[in-house]
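Reviewing the structure listed below.
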Amino acid sequence: MYNSVMQVIHAEKRKDTPEYAHALMVRRQRLGFTQKELAKKMHISPMGLSHFETGTRYPNLKWLEIWANVLGAEIKLEIKEKAMPLTTL
């Protein structure tokens with residue numbers, strides 16, 4: 001009971017957390033891995049994984065590919081246009 005409640009709590013995305021970081025954390029939790037277990041599979045330190053999950057480090061494409069392979073996921077890259085501010089003349 002406690003573990004399932006904690007997963008729900010941790011699955012809530014904070015406003016300042018990047019999408020990739022939240023997706024990594026949620027996928028890890030759904031698969032039942034601890035940070036230590038997943039870090040070992042990714043060949044990084046648990047602290048390094050924690051930095052990715054909190055959004056304090058940004059992954060390059062190499063890391064995204066490793067995550068996809070280890071977590072059985074796929075990478076979706078989306079490029080959006082930023083809203084242009086209206087200017088008054």
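- Under the 30°/60° scheme for interplanar angles, the aromatic rings of Trp67 and Tyr20 are found to lie parallel.
- Closest heavy-atom contact between Ala21 and Gly55: CB-N, 3.8 Å.
- Under the side chain to side chain contact (heavy atoms under 4.5 Å, CB included) criterion, Lys80 pairs with Glu78, not counting sequence neighbours.
- A distance of 10.0 Å separates OG of Ser45 from CD of Gln35, quoted to the nearest 0.5 Å.
- The structure places CG of Leu24 at 12.5 Å from CD of Glu19, a figure rounded to the nearest 0.5 Å.
- Atom NE2 of His51 is separated from atom OH of Tyr58 by 13.0 Å, given to the nearest 0.5 angstrom.
- Partners of Leu31 according to the side chain to side chain contact (heavy atoms under 4.5 Å, CB included) rule, which considers only residues two or more places apart in sequence or in another chain, are Arg27, Phe33, Leu71.
- Identified under the salt bridge (Lys or Arg N to Asp or Glu O under 4.0 Å) test for residues 42-53, with sequence neighbours left out: Arg28-Glu53.
- Here the closest non-hydrogen pair linking Lys62 and Asn60 is N-OD1, 3.0 Å.
- Legend: salt bridge (Lys or Arg N to Asp or Glu O under 4.0 Å) pairs involving residues 65-76, not counting sequence neighbours: none detected.
- Closest of all the heavy-atom pairs between Ala68 and Ile75 is CB-CG1, 4.0 Å.
- Connection of Met47 to Met25 is not established within any shared hydrophobic cluster, with ILVMFWY side chains joined at heavy-atom distances below 4.5 Å, either directly or through further cluster members.
- Here the options are Ile66, Leu49, Leu38, the test is side-chain contact (heavy atoms from CB on, under 4.5 Å), and the partner is Ile44; only Leu49 passes.
- Partners of Pro46 by side chain to side chain contact (heavy atoms under 4.5 Å, CB included), not counting sequence neighbours, listed by chain and number: Lys36, Ala39.
- Other residues, nucleotides and ligands contribute only 12 or fewer heavy atoms inside 6.0 Å of the CG atom of Leu61.
- The side chain to side chain contact (heavy atoms under 4.5 Å, CB included) search around Ala23 returns none, not counting sequence neighbours.
- A donor-acceptor pair shorter than 3.5 Å cannot be found between the side chains of Thr17 and His22.
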